[in-house]
Amino acid sequence: MSMYDNLNSMQQEAVFHTEGPVLILAGAGSGKTRVLTHRACYLIEEKGVNPWHIMAITFTNKAAGEMRERIDSLVGFGSESIWVSTFHSTCVRILRRYIDRLGYDTNFTIYDADDQKILMKDICKRLQIDTKIYKEKSFLGVISSAKDELISPEDFTLRAAGDFAKERQAAVYREYQAALRKNNALDFDDLLVKTVELLSNDAEVLDYYQERFRYIMVDEYQDTNTAQFYLIKLLADKYRNLCVVGDDDQSIYKFRGANIKNILNFEEIYPDAKVIKLEQNYRSTQNILNAANSVIANNVGRKAKALWTDHGEGEKIDFQQFETAYEEADYIAADIRKKVKESGCHFGDCAILYRTNAQSRLFEEKFVVSDIPYKIVGGINFYARKEIKDLLAYLKTIDNGRDDLAVRRIINVPKRGIGATTLGRVQAYAQEQGLSFYQALRGADEISTIGKAGVKIRPFVNFIQTMRSKVEYLGVAKLLQEIIEETGYVSELEAEGTDEAQARIENIDELLSKAVAYEESEETPTLSGFLEMVALVADVDSLQEGSDYVVLMTLHSAKGLEFPNVYLAGMEDGMFPGYMTIISDDPLEMEEERRLCYVGITRAMTQLTITCAKQRMIRGETQYNKVSRFVKEIPGNLLGGMVRTQKKQKDEQESSAQSFRQATSKVKPIFSTRNIYQSRQSNSFASSSTDKIALDYSSGDRVKHMKFGEGTVLQIVEGGRDYEVTVAFDRVGTKKMFASFAKLKKV
DNA sequence: GTTAGAAACAATCCT
DNA sequence: TGTTTCTAAC
């Protein structure tokens, strides 16, 4: 019996059809990851394809990691040379090698949303645009959509002719792009745009990657935008072995430029494409599937699909409407407690999904009080915290002196008495002389206008120069350590003595251990490499298998995940579908919202609970909402739980009102400072202080590492928040590493 | 130049 | 409600 016998006939067809274009329409829970991993395996073991020629591309690091893991366990030999990666990391890898051909340095920096906004503010000021009337964010939105569509500043300018508003946008776009280039920086969209530009302009590079990626598989194809579409098309054009997997019903990223036509018109672009539908669902009960099917049936213009399962009917969907959002949170917390106590359900089996991040707050408060372990995905990224960004700006300045933004961020952190006027003069001088900001600082003595302030600048420049000369032999972690000591960043926080300062120090410690872990996990660690990893991690990436906490996240983040016990909270018109969707005159927006609902429902394996509240506070104002129209699209016979007696409701109201009083009076002050930091600081990618996981290997065991291969565990030292494991690898010698990062597997 | 406190303002979702 | 920006006083 072979491993392929476990697949159903449709899945087998998808696995065995290896040559030419293939479109796999995979309904929710139909085992698409299984198909992709088995397909990679089949290519290598049955078709004799060199793993080096196979590429699998996803949207999130988590999905990529999962696929990597599953391929590793399936493929006997050589799986590590399969290119499994996200779109963005793939682009960065290509650009780090070749972007000099487009006139950038290969050590470019990547700007996050924060950086973009600061840059945009500066540009608006320069162009004398009043940001009270025209918001930075709206310009950034316009530019981002243009980039998604591969529209260059020049193209944009041509199209804008004659339209005042668009001409202004064009001017801003041109300036913005010029500023990025001057700073040797790329924003997120640029990663794709520049890679496509490179591949379409440079035949040599294109040929190299076409030869390398002879078999390409793309996950979540319905979420690709135009730039991603062209990237894939360019790469696949020579061998045409392109296998895309997706589900038009799960297309929920239009706002990010995703073009649903990429999947709907696949057969027109590749007329010889083989189309395979996966309709058997292995995840949910029939009741849950029926609910999902009846909701999505209200959309027009989708590919016909009928999900079915041979699991039984299962439990009815528990639907509850409450007076207030507090009661909703009470109910869900109590229900989770009950399920954990009575039916052997774990906290980690439960997920609460909502439309907007702001909704997490009530649940967090409730869970802190009731002592339920939880983890919030999304919201503020670990790397977006002020203290982390400050330290990273030092690293960026040392790594790439052309990044003006980073330099300006830290020139006066800690306080060096260099203020706005001095900076303005340095800026003017830099502009005049055609220098970068940092270069101007180095030559501060030459700037006549700043006078005595030059004395304050010199130590800073000396410090950066010294650090630059030390990068090579210090390595990332020690460099960071030295920055912290020399600048007195942590000691300043210690002096503050507040809970918040303490939380910041803990975050800095966390950053340090990430730097250490990075150096240990990479074969050739570099400063640029570390900064790059930091720029590309998303929050969902941090979810660890086997940790026991309730997960809270938005419906968008939940795509691709599954949980036995799912709560869809805040199912009200105005929340979900959201206010913006309801007032929109484009009916397609409601369809997208409905697809989001479909995604939510299909995350549930055995039990789905839908809740809503008649009133809730939104930005300090009480809003009154009706039950979501999506709930009404679910046939009544699938719903249970609505029949609650008057008395029972009254009891519940009283008890929740009481706990609400508790939450506001006693708990909140503590909660709002230290605890919120503690609970969120674990929202980072690999290790975390709050959930140390047990190891399933011990000293003397044989283990396997993704890169280093097999080895024997020599020693395990228990550290504060992780285990430090020493392993003697057969191929690469002895290495020390953090357990949570190394992901060692017992063999 | 720096700071704290007041006022203004905000409308998803994310790599 | 929570965050960012403005203002005034040190």
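Order of the sequence lines fixes the chain letters, A, B, ..., with proteins taken first and strands second; residue numbering starts at 1 for each chain.
- Note: CG (A:D148) to P (B:dC14) measures 16 Å, nearest angstrom.
- Here the P atom of nucleotide B:dT15 and the CG atom of A:D112 are 13 Å apart, to the nearest Å.
- The closest side-chain donor-acceptor pair between A:Y111 and A:N183 falls under 3.5 angstrom.
- Contacts of residues 410-429 of chain A with DNA chain C (heavy atom under 4.0 Å): none.
- To the nearest angstrom, C1' of B:dC14 lies 15 Å from CZ of A:F87.
- For A:I376 and B:dC14, the CD1 to C1' distance is 17 Å, given to the nearest whole Å.
- Cation-pi geometry between A:R408 and A:F437 is met: under 6.0 angstrom from the ring centre, within 45 degrees of the axis.
- Atom CD1 of A:I410 sits about 9.5 Å away from atom OG1 of A:T487, to the nearest 0.5 Å.
- A straight line from CG of A:N225 to C1' of B:dC14 spans 12 Å, rounded to a whole angstrom.
- Looking at heavy-atom distances under 4.0 Å, A:K121 makes contact with sugar-phosphate atoms alone, never a base.
- Panel note: side chain A:R97, backbone A:R93; no donor-acceptor pair is recorded below 3.5 Å.
- The existence of a salt bridge linking A:D247 and A:K32 is excluded, since no basic side-chain nitrogen approaches an acidic carboxylate oxygen closer than 4.0 Å.
- The structure places OH of A:Y354 at 12.5 Å from OG1 of A:T611, a figure rounded to the nearest 0.5 Å.
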Any N/O pairs under 3.5 Å between the protein and nucleotides 9-13 of chain B? List them or say none.
from	atom 1	to	atom 2	distance (Å)
B:dA10	OP1	A:K135	NZ	3.4
B:dA11	OP1	A:K137	NZ	3.3
B:dA11	O4'	A:R619	NH1	3.4
B:dA11	N1	A:R619	NH2	3.4
B:dA11	N3	A:R619	NH2	2.8
B:dT12	O2	A:R355	NH1	2.4
B:dT12	O2	A:R355	NH2	2.6
B:dC13	OP1	A:N357	N	2.7
B:dC13	OP1	A:N357	ND2	3.4
B:dC13	O4'	A:R355	NH2	3.4
B:dC13	O2	A:R355	NH2	2.6

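- A:L536 places its CG atom 17 Å from the P atom of B:dC14, with the value rounded to the nearest Å.
- Cation-pi geometry between A:K514 and A:F382 is met: under 6.0 angstrom from the ring centre, within 45 degrees of the axis.
- Atoms CD and CE, on A:E328 and A:M571 in that order, are 10.5 Å from each other to the nearest 0.5 Å.
- Contact detail for A:N299 and A:E591: the closest heavy-atom pair is ND2-O, 3.2 Å.
- Atom pair A:I118:CD1 and C:dT5:P shows a separation of 10 Å (rounding to whole Å applied).
- Between the CE atom of A:M553 and the P atom of B:dC14 there is a distance of 11 Å, given to the nearest Å.
- Rounded to a whole angstrom, the distance from the P atom of B:dC13 to that of C:dT4 is 14 Å.
- A close approach under 4.0 Å does not occur between any side-chain nitrogen or oxygen of A:R256 and OP1 or OP2 of B:dT15.
- Remark: the separation of the P atoms in B:dT12 and C:dT5 is 16 Å, to the nearest Å.
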